[in-house]
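When a ligand or atom number is given, it counts from 1 through the structure's own listing order.
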Amino acid sequence: MKTLTSFVIIIFLQSLLVHIFCLHQTSSNGILEYSSSTFPSDFLFGTASSAYQYEGAFSTDGKSLNNWDVFTHENPGKILDENNGDIAVDQYHRFREDIQLMTFLGVNSYRFSISWSRVLPRGKLGGINYSGIKYYNILINSLISRGIKPFVTLNHMDYPQELENRFQSWLNPEMQNEFGYLADICFKHFGNRVKYWTTLNEPNQQVILAYITGRFPPSRCSSPYGNCSRGNSEIEPFIAAHNMILAHAKAVNIYKTKYQREQKGSIGIVVQTSWFEPISDSIADKDAAERAQSFYSNWILDPVIYGKYPKEMVNILGTALPQFSSNQVKSLNNSKVDFIGINHYTSYFIQDCLTSSCNAGYGAFKAEGFALKLDRKGNVSIGELTDVDWQHIDPEGFHKMLNYLTDRYPNIPMFITENGFGDLQKPETTDKELLHDTKRIQYISGYLEALQVAMRDGANVKGYFVWSLLDNFEWLDGYKLRFGLFHVDYTTLKRTPKESASWYKNFIEEHVNRRELVDN
Ligand code: BGC
């Protein structure tokens, strides 16, 4: 009897250990069910958002109009559903309810951005709007009181329209001073409670859309990249990015010299990344894939981390690429980031267009590094294609991307500041279908699995944020492209959990519980 009891106890303990330590177990539908406890106890699990896409209240309490307010009001036809962010998901008024949703998920962090025109309606001129400061103070305090760490982006695509009208915003070095001023005000008012800052969200993606293809405001581009009434796609994006990189450096410098010692927070920058897989084994295609990286995330990260542009850009762009003066290099070197924020959604095949001719397409031209981005090689696609033309489900590409970043920027701490799946709402799509979001679960679980593999390979990742907490205003796709873990009914603004919300909640719970078991 005694032996039988010991046997049962041993079997029980064994299965418990398997449950705790098993590497991962994927069910037949490809959804990750268990994984090892790769995540350290201070790992941040969160959801991400941005001011224009969430807040609404576009002209409330002293906020001025920003570039997106003006762009969507003047060009409704450029937005899929002819809508705008005037109300968005009304987080300005509903943040308390949204924090309850975060509490349901069990996240320990929330990424949001500051609306520049809410805090400084006229930029450096005209003073601080204290209603804006009050809003963020209450938001920050409410998050902290629920055990949720604010992870704050100083700027996510939106800026006071006045800065565009007065001096062409990012095309003018004056924007560096304006951004430094915004940063200083935010560190001063919020920095005693905010321990994670990022300067700019995706300068690379922002300048591509605003100054190469011209699809985002201020709608500047030239042929063959896009159809705009003004702009130069082979010159202006590089000027705008240069100003953004230096504006970033200015903000980091202000933080490091005036605030960090006392406030004890950390600061980084967020870039958009995609994995670029050479379409063949030829040297030309492999070089093209490397060029594609250089003209995308390395464009920003190399200067921020090494104080210079990638050599592929220098070679192709020549004098069109601004140079960093020795003072600017000094400023970059004195403003080392504490971490980098990685937004990642997709992969592409890359075909060389430098040594052989390509069909026109995304990536084929000089300002894009002559590296054509394709979703298929013959009839083989890069991952699983979706209804969203740019989103291809390829977790292995994410794994490769993290290893690539780890090789290029050894040991740099990283946060996955965005990763998520978009459902394109068609006229026939029902709410029931949107709530039953198996594809999103499959996507997120696959990418979380890839993240863990990369971490075991040595990627120094400190946190992961799903894009997004709620369905929200998805730029040119308006409200038709839904990324939320919670569904938003845009007539009533009611939030309803999708199946992915419960999945993410369980995933976090599993990992936190497992960490506790391991820690004990
Ligand atoms: C941006 C978000 C956007 C998301 C999905 C990211 O590039 O930072 O603002 O909603 O992609 O398209």
Undergrad: Do Glu418 and Tyr345 meet the criterion of a side-chain donor-acceptor pair at a distance under 3.5 Å?
TA: yes

Undergrad: Relative to the heavy atoms of His156, which atoms of ligand 1 are at a distance of less than 4.0 Å?
TA: 1 (C), 2 (C), 8 (O), 9 (O)

Undergrad: Using the ring of Phe276 (Phe, Tyr or Trp, six-membered ring only), decide whether Lys373 places NZ or CZ under 6.0 Å from its centre and within 45 degrees of its axis.
TA: yes

Undergrad: Using 30° and 60° as the class limits, which term best fits the ring planes of Phe339 and Phe415: parallel, tilted or perpendicular?
TA: perpendicular

Undergrad: Hey, is Trp390 one of the residues with a heavy atom under 4.0 angstrom from ligand 1?
TA: yes

Undergrad: Quick check with a 6.0 Å cut-off and a 45 degree axis cone: is Lys505 positioned over the face of Phe104's six-membered ring?
TA: yes

Undergrad: Show me which atoms of ligand 1 lie under 4.0 Å from any heavy atom of Gln53.
TA: 2 (C), 3 (C), 9 (O), 10 (O)

Undergrad: In the protein, which heavy atom is nearest to atom 4 (C) of ligand 1, and how far is it?
TA: Tyr345 OH, 3.3 Å

Undergrad: What about Trp475: any of its N or O atoms under 3.5 Å from an N or O on ligand 1?
TA: yes

Undergrad: Can you tell me if Glu202 has a non-hydrogen atom under 4.0 Å from ligand 1?
TA: yes

Undergrad: Considering only protein heavy atoms, which is closest to atom 8 (O) of ligand 1, and at what distance to one decimal place?
TA: Glu418 OE2, 2.9 Å

Undergrad: Can you classify the ring geometry of Phe507 versus Trp503 as parallel (below 30°), tilted (30 to 60°) or perpendicular (above 60°)?
TA: parallel

Undergrad: How far is atom 10 (O) of ligand 1 from the closest protein heavy atom, and which atom is that?
TA: Glu474 OE1, 2.6 Å

Undergrad: Give me the ring orientation class for Tyr135 and Tyr92: parallel if the planes are under 30° apart, tilted from 30 to 60°, perpendicular past 60°.
TA: tilted

Undergrad: Could an N or O of ligand 1 be found under 3.5 Å from any N or O of Gln205, whether backbone or side chain?
TA: no

Undergrad: Numbering the atoms of ligand 1 from 1, which are under 4.0 Å from a heavy atom of Asn201?
TA: 8 (O)

Undergrad: If I take atom CD1 from residue Ile140 and atom NZ from residue Lys149, how far apart are they, to the nearest 0.5 angstrom?
TA: 14.5 Å

